[in-house]
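No hydrogens, no waters, no symmetry mates; every other heavy atom, side chains included, goes into these values. In this text the structure is predicted, and so the values were computed from the model without any measurement. Chain naming here is simple, since letters A, B, ... match the order of the sequence lines and numbering starts at 1 in each.
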Amino acid sequence: MNPTKLAGIDFLAPAEVVARQLIGVTVLVDGVGGRIVETEAYDREDPASHAYSGPTARNFAMFGPPAHAYVYRSYGIHWCLNFVCREEGHGAGVLIRAIEPLAGLDIMRARRDAEDVQLLCSGPGKLCQALNVTRDFNGASLAAPPFRLEAAPPGLEVIAGPRIGISKAVDVPWRFGLHGSRFVSRPFR
DNA sequence: GTCGGGATAGACT
DNA sequence: GTCTATCCCGACG
């Protein structure tokens, strides 16, 4: 079994479509996690994307099957979690940037060494630390344990803006967030 | 083999 | 707002 549809989302769709639809989806890793409130889309023909110059040892998971994880090291310190989309071999993904913590709060507090719920998962590196996501998850299916995805409730208001921390294609509005959420990494404007 | 830069976070002025 | 720790890998050669 290798489903491309999870939590009501078709992961064969373009990254910017999947990124928008992921807002409000609940993601759990070993039962710990919460509701996605911020994402960014990265496509193959996108100078800001790791996939831009083709498959490499680092990004090969991005060219693997959709609805799988792509995990990479950032700045030598943090891990970042992406969901692969489009057909296998295309090389597109969605960076999960922030989560509203809902399940396993005490576990996340211990892993993050932080009390404030707003500081647990409000950034791509933070949420990986809180959910214990590391290189071990690179290429893993999102349809199988320890991952679990639950569909978003209907009618959420999603807002878009430019992506964060990149030096190319800085004006492409492929950052998406849940309107009014206090759990995003940085406010939208 | 070497070099340079990065989809960050946290501490600090 | 600025500074920077610190690791992996991609681009060269």
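- Considering only side-chain atoms of A:Arg73, the nucleotide from C:dC8, B:dA7, B:dA9 that sits closest is C:dC8.
- Residues A:Thr56 and A:Gly76 each lie close to DNA chain C; by heavy-atom proximity, the contact nearer the 5' end of the strand is made by A:Gly76.
- Atom P of nucleotide B:dA7 and atom NZ of A:Lys126 are separated by 19 Å, given to the nearest angstrom.
- One interatomic measurement links the two molecules: OH of A:Tyr72 to C1' of C:dG10, which rounds to 15 Å at whole-angstrom precision.
- Nucleic acid contact class of A:Ile166 (heavy atoms, under 4.0 Å, all strands): sugar-phosphate only.
- Neither OP1 nor OP2 of B:dA7 sits under 4.0 Å from any side-chain N or O of A:Ser49.
- When ring centroids are compared, A:Tyr52 and A:Tyr42 stay outside the 6.0 Å threshold.
- Residue A:Arg58 is classed as a sugar-phosphate contact, given heavy-atom separations below 4.0 Å to backbone atoms only.
- A cation-pi arrangement is absent between A:Arg135 and A:Trp79, since the terminal nitrogen or guanidinium carbon is not both under 6.0 Å from the aromatic centre and inside a 45° cone about the axis.
- B:dG10 atom P lies 15 Å from atom CD of A:Glu115, rounded to whole Å.
- Listed candidates were C:dA11, C:dC7, C:dT6. Nearest to the side chain of A:Ser53 is C:dA11.
- Under 4.0 angstrom from either OP1 or OP2 of B:dA9 there lies no side-chain N or O belonging to A:His78.
- Both A:Val172 and A:Leu22 belong to a single network of hydrophobic side chains, linked directly or stepwise wherever heavy atoms of I, L, V, M, F, W or Y lie under 4.5 Å apart.
- Between the A:Arg112 side chain and the A:Leu120 main chain, a donor and an acceptor come within less than 3.5 Å of each other.
- Close to B:dG6, at under 4.0 Å from its OP1 or OP2, lies no side-chain N or O of A:Lys168.
- Here A:Ala48 lies in heavy-atom contact (under 4.0 Å) with a base.
- Computed from coordinates, the A:Asp46 CG to B:dG6 C1' distance equals 15 Å when rounded to whole Å.
- Residue-level contact check: A:Arg186 touches neither bases nor backbone, having no heavy atom under 4.0 Å from any strand.
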Before you tell me yes or no, could you show the steps for A:Ser185 and A:Glu38 under side-chain hydrogen bond (donor to acceptor under 3.5 Å, both in side chains), namely the whole-Å CA-CA distance, both residues' side-chain angles and the distance that decides it to 0.1 Å? CA-CA 8 Å; A:Ser185 63; A:Glu38 184 182 345; 2.9 Å; yes
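- Looking at the side chain of A:His50, the nearest of the listed nucleotides B:dT8, C:dG10, B:dA7 is B:dA7.
- In this structure, A:Arg112 reaches the sugar-phosphate backbone alone: every heavy-atom distance under 4.0 Å involves primed, P, OP1 or OP2 atoms, never a base.
- In this structure, A:Gln118 atom CD and B:dA9 atom P are separated by 15 Å, rounded to whole Å.
- Put simply, OH on A:Tyr52 is 12 Å from P on C:dA11, counting in whole angstrom units.
- For A:Ser74 and B:dG6, the shortest distance from a side-chain N or O to OP1 or OP2 is not below 4.0 Å.
- With hydrogens and angles left out, the side chain of A:Tyr75 and the base of C:dA5 share no donor-acceptor pair within 3.5 Å.
- The side chain of A:Ser167 lies closest to B:dG6 when the candidates are B:dT8, B:dA9, B:dG6.
- Checked for salt-bridge contact, A:Asp10 and A:Arg86 miss the test: no charged N lies under 4.0 Å from a carboxylate O.
- Rounded to an integer number of Å, the gap from CZ of A:Arg175 to C1' of B:dT8 is 14 Å.
- Between the CE atom of A:Met62 and the P atom of B:dA7 there is a distance of 11 Å, rounded to whole Å.
- Pair assignment for C:dT6: none, as no Watson-Crick or G-U wobble contacts are both less than 3.5 Å.
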